[in-house]
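Numbering of ligands and ligand atoms starts at 1, following listing order. All residue numbers refer to positions in the sequence shown, counting from 1.
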Amino acid sequence: MPTIDNPTQKTLAEQGVQNADQVCELFAQVRNSFDEQLARPADEHANLMLRVSWTGRKSGILTQVAENWLRKAPASLRTVVGKQFNELKAHIEAGLDEQKQRIEAGTENVALAEERVDLSLPGVIRPIGSHHIIRQVFQEIEDIFVSIGFSVVEGPEIETPYYNFEALNIPEFHPVRDDMDTFYLQLPKGAPGPLLLRTHTSPVQIRTMEKQLPPVRVIVPGKVYRRDNPDATHSFMFHQIEGLAVDTDITFCDFTGTIEYFVKQYFGANVKTRFRPSYFPFTEPSVEFDVSCIFCGGSGNASGGGVCSKCKGAGWIELFGAGMVDPAVYGFVNYDPKKVNGFAFGMGIDRLAMLKYGIDDLQVFFQNDVRFLKQFP
Ligand code: DAH
């Protein structure tokens with residue numbers, strides 16, 4: 001076992017000390033060692049430990065020095081050793097006492113510093129987040145529809161083909177399913193299925209009508225999924241708001257009037273709307289709503305000359321699909337198609353946000369770049 005070469009455990013003779021200078025040097029070493037230990041940060045407990053190890057009666061270093069150096073010193077060195085010993089002892093005791101006082105005083109200072117409150121210091125400024133722009137647009141559109149009597153409902157993002165397709169009058173081999181070629185879930189063997197990520201919010205039309213009798217006036221915000229490659233206008237996940245109004249006396253005029261009201265509330269009173277015939281299996285007739293181009297005011301001309309790049313000179317921008325609910329759909333929810341009628345619509349929120357705020361790349365919504373998000377506080 002390696003042993004520590006501790007000079008205080010050997011006599012002076014054993015260390016070959018023969019004259020006063022060597023004695024002084026030896027004492028200086030011990031003193032340095034004490035000073036080094038005293039300089040370390042200490043609390044009351046550490047101060048006590050240091051005191052025990054240096055001045056402890058039984059095995060403290062001073063006792064060893066007295067034992068091994070002083071008592072066993074040759075007569076010629078006894079005076080110098082005695083003098084050095086007394087000086088060392090006084091130095092150590094004074095050092096320990098002073099440290100103790102400093103600790104006691106120091107403790108009081110720390111307590112004071114902790115309790116002090118400086119009201120003139122600037123506060124901690126925490127950055128305040130905000131709703132994502134898509135969430136804000138959802139909110140804005142929900143507010144418009146709620147103000148005219150619609151309620152907001154939600155539905156599951158994982159759907160059965162029945163709700164996503166069949167009950168919406170889209171039988172298994174209907175060609176519109178091709179547009180919605182989508183994500184099916186891999187289910188454990190024996191699990192009832194199949195299940196898919198919903199391709200639109202329209203299934204919630206069925207879920208709502210199953211649960212309640214007319215009158216129905218709901219909008220359905222939510223996420224939808226399709227197997228699209230990401231680019232400036234496509235994403236495998238995007239957002240829609242579905243709308244459905246069913247009652248006993250809803251006309252095509254109520255339908256177009258409601259849509260026009262919404263579009264003017266959302267884009268401003270100066271925009272015009274129009275609809276064109278279209279096709280959806282769950283509406284009859286089906287239409288596509290357009291809004292007069294918000295970038296060129298519907299003129300089709302860019303302000304700097306040439307053709308408006310947003311509407312490509314058409315003066316109109318395609319907004320979303322809609323229509324009067326196909327009577328076949330009522331058959332799936334036990335409504336009497338002879339007694340009720342209504343309208344439905346489904347709009348892409350990302351597209352509506354891009355149009356209103358002049359954003360030309362859909363992907364920025366999903367990248368969570370704070371430089372972009374901060375522009376919509
Ligand atoms: N679900 C359709 C889609 O995602 C959008 C749609 C069109 C919804 C017409 C409707 C509607 O409710 O009446 O492409």
Side-chain angles (χ1 to χ4, degrees), residues 138 141-142 145 150-157 159-171 174-183 196-210 216-228 233-247 250-252 254-260 262-263 273-291 318-330 332-333 335 337 340-352 362:
F138 264 132
I141 296 176
E142 286 169 21
F145 280 104
F150 282 72
S151 8
V152 181
V153 297
E154 289 186 351
E157 286 173 30
E159 265 301 3
T160 62
Y162 175 77
Y163 285 107
N164 198 76
F165 297 123
E166 273 106 75
L168 287 162
N169 203 26
I170 312 174
H174 197 293
V176 300
R177 286 208 191 190
D178 296 349
D179 289 343
M180 302 201 179
D181 193 11
T182 187
F183 302 110
L196 67 149
L197 296 181
R198 68 178 176 195
T199 59
H200 49 179
T201 41
S202 305
V204 191
Q205 287 190 26
I206 306 300
R207 289 183 175 277
T208 306
M209 289 189 283
E210 274 182 347
V216 172
R217 253 180 262 116
V218 292
I219 52 165
V220 187
K223 290 188 165 84
V224 301
Y225 302 83
R226 288 186 200 173
R227 216 190 62 180
D228 276 333
T233 53
H234 292 87
S235 164
F236 51 83
M237 186 282 292
F238 56 101
H239 304 87
Q240 286 188 335
I241 287 188
E242 188 80 12
L244 174 71
V246 181
D247 207 339
I250 291 187
T251 65
F252 197 85
D254 296 324
F255 166 45
T256 53
T258 305
I259 301 295
E260 194 172 320
F262 159 70
V263 174
T273 55
R274 73 171 186 187
F275 59 85
R276 295 171 285 113
S278 184
Y279 174 75
F280 300 101
F282 36 91
T283 45
E284 182 61 35
S286 302
V287 301
E288 199 78 49
F289 264 93
D290 294 346
V291 62
E318 194 179 307
L319 269 192
F320 53 83
M324 299 302 285
V325 177
D326 192 312
V329 173
Y330 297 130
F332 288 95
V333 294
Y335 279 13
V340 296
N341 43 36
F343 62 84
F345 54 87
M347 42 199 171
I349 298 311
D350 312 81
R351 181 168 162 72
L352 285 178
L362 173 68

Return a table of N or O atom pairs, ligand 1 on one side and protein on the other, at distances under 3.5 Å, rounded to 0.1 Å.
{"from": "ligand 1", "atom 1": "1 (N)", "to": "H200", "atom 2": "ND1", "distance (Å)": "2.9"}
{"from": "ligand 1", "atom 1": "1 (N)", "to": "S202", "atom 2": "OG", "distance (Å)": "2.9"}
{"from": "ligand 1", "atom 1": "4 (O)", "to": "R226", "atom 2": "NH2", "distance (Å)": "2.7"}
{"from": "ligand 1", "atom 1": "4 (O)", "to": "Q240", "atom 2": "NE2", "distance (Å)": "2.9"}
{"from": "ligand 1", "atom 1": "12 (O)", "to": "Q205", "atom 2": "NE2", "distance (Å)": "3.1"}
{"from": "ligand 1", "atom 1": "12 (O)", "to": "E242", "atom 2": "OE2", "distance (Å)": "2.6"}
{"from": "ligand 1", "atom 1": "12 (O)", "to": "F345", "atom 2": "N", "distance (Å)": "3.4"}
{"from": "ligand 1", "atom 1": "12 (O)", "to": "F345", "atom 2": "O", "distance (Å)": "3.3"}
{"from": "ligand 1", "atom 1": "13 (O)", "to": "A344", "atom 2": "O", "distance (Å)": "3.1"}

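- Between K223 and E154 there is no salt bridge, since none of the side-chain N atoms of the basic residue sits less than 4.0 Å from a carboxylate O of the acidic one.
- Remark: R351 is not positioned above the aromatic ring of F320, lacking an NZ or CZ atom under 6.0 angstrom from the ring centre and at most 45 degrees off the axis.
- Open room surrounds CZ on F236; 12 or fewer heavy atoms of other groups in view lie less than 6.0 Å from it.
- Across T208 and V153, no two heavy atoms sit closer than the pair OG1-CG2, 3.9 Å.
- Note: F289 and F262 fail the aromatic proximity criterion, with ring centroids not under 6.0 Å apart.
- Between the side chain of R226 and the main chain of T199, a donor-acceptor pair closer than 3.5 Å is present.
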